[in-house]
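Whatever order the structure lists them in is the order used to number ligands and atoms, beginning at 1.
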Amino acid sequence: MVQGVAIEDGCIVDTDPATGEVIARVRCTPTSEVPAMVARARAAQPAWAATPLAERVSMLKGACASLADRRDELVETIVREMGKVRAEAEEEVSGAIGRATYVEQIGAANAPRQIDNGLVVRDAHGVVVVCSPWNFPADEPLLLCLPALCAGNAVILKPSEVVPLVGAIVGDALRRALPEGVLQLAQGDGAVGAALVQADVQMVAMTGSSATGKKIMAACAPGLKRLVLELGGKDPMICFADADLERAADDAVAFSLFNCGQVCCSVERVYVAEAIKSQFEALCALKAAAFTAGSGFDADVRIGPMVSAMQRDAVAAQLDEAVKAGARVLAQAPVKPGAPPGATYFPATVLTDVPEECAIHRAETFGPLVVISPFDGSEASAARLANDSEYGLAAYVYTRDLGKAARVACKIRAGQVGINNWSLAKAPTRCPWVGAKGSGFGYHSGDDGWRQFSVPKSLIFDDASLVPTEIDGTAVVRD
Ligand code: NAD
C-alpha cells in the first residue's frame, strides 16, 4: 500500500497523521546488523524448541498479559501514530492482551498426536522473519509471532515503518517474556524487510499488500523458504432482495468505514439487488452521514485521519475517476472543522452506479468509501460479481434464506464468507484466516494455520500399544 514514510539519516520520521507533526525519529536497524541478529536467533532456537510446550505457552500468555501494564500508552500510541479512533484502538488492545485462549489453542494444535501406530511430532522451522502491517499495529504482529514462537521457532519481528513505536511496545513485551535471542526486533522500511527475508532464515511470515507479497515470494524462491503471506482484498458484499435491509445497510456502512476503511477485509464493493436498491441507498446515505472525521482522540468522531497523505490522495484519485466515469455521490459525511494543514482527513463517502471498469471496483481502495452497485438479484450473478476480482480474502452475503446464502458462499472463491455478518468480528479463532487468489499464500489461525509454522514428522511403531503417551513432558493426543 501507499504509505509515504520518510527515512532520514537512518531513522524513520514518525508522524501524526492528524497534524502532520513529527512525533519521533526511530533508528532503523542497519542492514549490516542483520547477519548478527540471525546468528543470535539461530543460537537461541534449539533450546527454545526443546522447552516443554506447556512452558512455551505459559511464557507467551504472560507476554500478551504484560501488555496490560502499558495499555494506556499502547492505545495512545496507536491513535497518534496511525490515526485510529480511540474506541477502536482500545478494542484492538483489549483483544491483544486477551490472546491467552488463542495461545492455548496454538499449543494444542502443536501437541504430538497418535494416529494408529504412528506418532506425529512437529519440528520448528528454525528462524522466522515476521513483517507486519500498520493497520492493526498491536494485534497483527501477535497473530504471526505467537504461532511461530509457540511452534519453537526464533523470530525476528519487523513491524511496519508506519508504526515503529507500537511495534516496539509489542516487541518489548514478547522479548522480555522469552529467553534471550528468541524474539528480536528490527525497525525500518521495506529495505530492512528485504534484507531480513534474504538472510539465512527458514521462513517468512508477512501480512501486507499483495505487491509486497509477490516481492517476498520471489526473494524466498532461491532458498525454498517457507511462506505465510496474508495479503490485500477487494471484498464484496452481496445484498439480496430478501435481506434484513436495516442490518445489511448498517453493516455495509460500518464495515466499509471501520478503521477509516483501512482493513484488509473491509467491505469494498456492495452489490445490491435492483428491487431494493433505492431503499438501500437511502439507508446507507443516512447512516454514513453520521461518520464525522476528526482526530482519533475526539470522542465525537467515528473515523480518524487516513494513515498518510499519499494514501488519502490515492483514495481521492479513485473517487475522482469514478465520478468522471458516471458514478454518483449519494452522501459525504463532515470533517470536523479546524483541522491543521498537515492532517490527512478524507470524508466518509457513499457512491453508487460505479462503472465496472473503474479502479474503485478493481484495486484495493483502503479508504472510507461505501461503493454500491446494482445487480439482478440472482444467485448466479451474485457469485459471478463477487468472483470478478483478482483478490479473494473475504466476502459477505446478506439474505434471510440461509440455504441460498450457503449455496452462494460456496461458489465464492474467498478465505472466509460472512453470512449476514462481518466475518472478522464473528470468526472463531479456531477457523483458519485464509486468502484465496491474490489475497494470500499460506495462512494463519485455526489448526491448519498454526501448524504451518512447523513441519510434521511421523514416527512409526510396530503396534499402536507401543506409542508413548507423552513426549518431552507433553501428553500425546489420541485421534
Ligand atoms: P506493505 O506491503 O506495504 O508492508 C507490509 C510489511 O512488509 C511492512 O512491515 C513493510 O515494511 C514490509 N515490507 C515492505 N517491502 C518489503 C520487502 N520487499 N521485503 C520484506 N518486507 C517488506 O503493507 P502495509 O501497507 O503495511 O499494510 C496494508 C496491507 O496489508 C493492505 O493491502 C491490507 O489489505 C493488508 N493486510 C492484510 C491482512 C490479512 O489478514 N490478509 C491483514 C492486515 C492487512
Side-chain angles (χ1 to χ4, degrees), residues 1-5 7 12 26 28-29 31 34 81-82 92 129-145 156-164 166-167 170-171 185-199 201 204-220 225 227-235 258-268 306-308 310-311 314-315 363-367 389-394 414-416 423-424 427 431-446 449:
M1 296 302 294
V2 186
Q3 297 151 358
V5 170
I7 307 285
I12 297 167
V26 178
C28 294
T29 302
T31 52
V34 167
E81 271 191 326
M82 67 142 295
E92 181 186 348
V129 167
V130 169
C131 294
S132 52
W134 49 262
N135 60 339
F136 290 90
D139 210 25
E140 286 290 351
L142 291 177
L143 286 169
L144 297 176
C145 287
I156 302 175
L157 164 65
K158 194 206 74 62
S160 165
E161 59 272 36
V162 181
V163 284
V166 177
V170 175
L185 182 72
Q187 294 277 17
D189 62 2
V192 178
L196 288 165
V197 166
Q198 280 157 24
V201 301
V204 177
M206 186 281 271
T207 301
S209 63
S210 299
T212 301
K214 287 176 192 170
K215 285 187 206 162
I216 290 179
M217 195 166 171
C220 286
K225 290 170 189 164
L227 272 174
V228 166
L229 298 175
E230 291 291 348
L231 307 178
K234 188 72 193 169
D235 296 351
F258 186 72
N259 202 18
C260 205
Q262 301 168 128
V263 183
C264 54
C265 57
S266 283
V267 173
E268 292 233 341
M306 300 215 58
V307 73
S308 68
M310 283 174 79
Q311 186 64 26
V315 174
E364 187 175 38
T365 301
F366 235 53
S389 170
E390 68 187 80
Y391 294 102
L393 187 55
Q416 36 276 321
S423 56
L424 181 68
C431 279
W433 184 257
V434 191
K437 302 193 286 185
S439 292
F441 186 96
Y443 36 93
H444 66 68
S445 293

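When only interatomic distances are considered, the shortest N/O to N/O separation between W134 and ligand 1 falls below 3.5 Å. Taking any N or O of T212, backbone or side chain, at least one lies under 3.5 Å from an N or O belonging to ligand 1. Close N/O approach between E364 and ligand 1 is found [any backbone or side-chain N/O within under 3.5 Å]. For ligand 1, the polar-atom distance check finds no N/O of E140 at less than 3.5 Å from any of the ligand's N/O atoms. Between S439 and ligand 1, no N or O atom pair is found at a separation short of 3.5 Å. Between P133 and ligand 1, no pair of N/O atoms sits closer than 3.5 Å.
Note on ring orientation: taking the six-membered ring where Trp is involved, the planes of W134 and F366 are perpendicular (angle over 60°, cut-offs 30° and 60°).
With a 4.0 Å heavy-atom cut-off, ligand 1 is reached by the backbone of L231 but not by any atom from C-beta on. Heavy atoms of T207 found under 4.0 angstrom from ligand 1 belong to the backbone as well as the side chain. Proximity of D189 to ligand 1, defined as any heavy-atom pair under 4.0 Å, is confined to the backbone N, CA, C and O atoms. For L196, no heavy-atom contact with ligand 1 is shorter than 4.0 Å. Neither the backbone nor the side chain of Q262 comes within 4.0 Å of ligand 1, counting heavy atoms alone.
Comparing G188, A195, G208, A191 by heavy-atom distance to atom 30 (O) of ligand 1, the nearest is G208. In the candidate list E161, M206, K215, E161 is nearest to atom 11 (O) of ligand 1, counting heavy atoms.
A donor-acceptor distance shorter than 3.5 angstrom exists from the side chain of S210 to the backbone of G438, with no hydrogens or angles considered. With hydrogens and angles disregarded, a donor-acceptor distance shorter than 3.5 Å links the side chain of T29 to the backbone of Q187. For the pair K225 (side chain) and V204 (backbone), a donor-acceptor distance under 3.5 Å is absent.
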N/O donor-acceptor pairs under 3.5 Å from side chains in residues 260-267, not counting sequence neighbours:
{"unit_1": "Q262", "atom_1": "OE1", "unit_2": "V307", "atom_2": "N", "d": "3.0"}
{"unit_1": "Q262", "atom_1": "NE2", "unit_2": "N259", "atom_2": "O", "d": "3.2"}
{"unit_1": "S266", "atom_1": "OG", "unit_2": "G261", "atom_2": "O", "d": "3.1"}
{"unit_1": "S266", "atom_1": "OG", "unit_2": "V263", "atom_2": "N", "d": "3.4"}
{"unit_1": "S266", "atom_1": "OG", "unit_2": "V263", "atom_2": "O", "d": "3.1"}

Verify side chain to side chain contact (heavy atoms under 4.5 Å, CB included) between T207 and L143, making sure each step is shown before the conclusion.
-> CA-CA 9 Å; T207 301; L143 286 169; over 6 Å; no
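Contact record, T31 with V192: CG2-CA, 4.4 Å, taken as the closest heavy-atom pair. Of all heavy-atom pairs between L227 and C220, the closest is CD2-SG, 3.8 Å. Here the closest heavy-atom approach between residue A138 and residue V166 is recorded as N-CG1, 3.9 Å. Summarising the geometry of P133 relative to G208, their closest heavy-atom pair is CB-CA, 4.5 Å, with the distance given to 0.1 Å. In terms of heavy-atom proximity, Q311 sits nearest to M306 at CG-CE, 3.7 Å.
Numbered from 1 in the order shown, with element, the atoms of ligand 1 that lie under 4.0 Å from a heavy atom of V197 read 20 (C). Listed by atom number, the atoms of ligand 1 under 4.0 Å from L393 heavy atoms are 41 (N). Counting atoms of ligand 1 from 1 in the listed order, those under 4.0 Å from a heavy atom of S132 are 6 (C), 8 (C), 9 (O). Close approach of ligand 1 to G232 (heavy-atom distance below 4.0 Å) involves ligand atoms 32 (O), 34 (O). The S160 neighbourhood of ligand 1 comprises atoms 9 (O), with distances under 4.0 Å to a heavy atom of that residue. Atoms of ligand 1 lying under 4.0 Å from any heavy atom of N135, numbered from 1 in the order shown and given with element: 43 (C), 44 (C).
For the pair V162 and S308, the minimum side-chain heavy-atom distance is 4.5 Å or more.
The closest approach between F136 and ligand 1 stays at or above 4.0 Å for every heavy atom of the residue.
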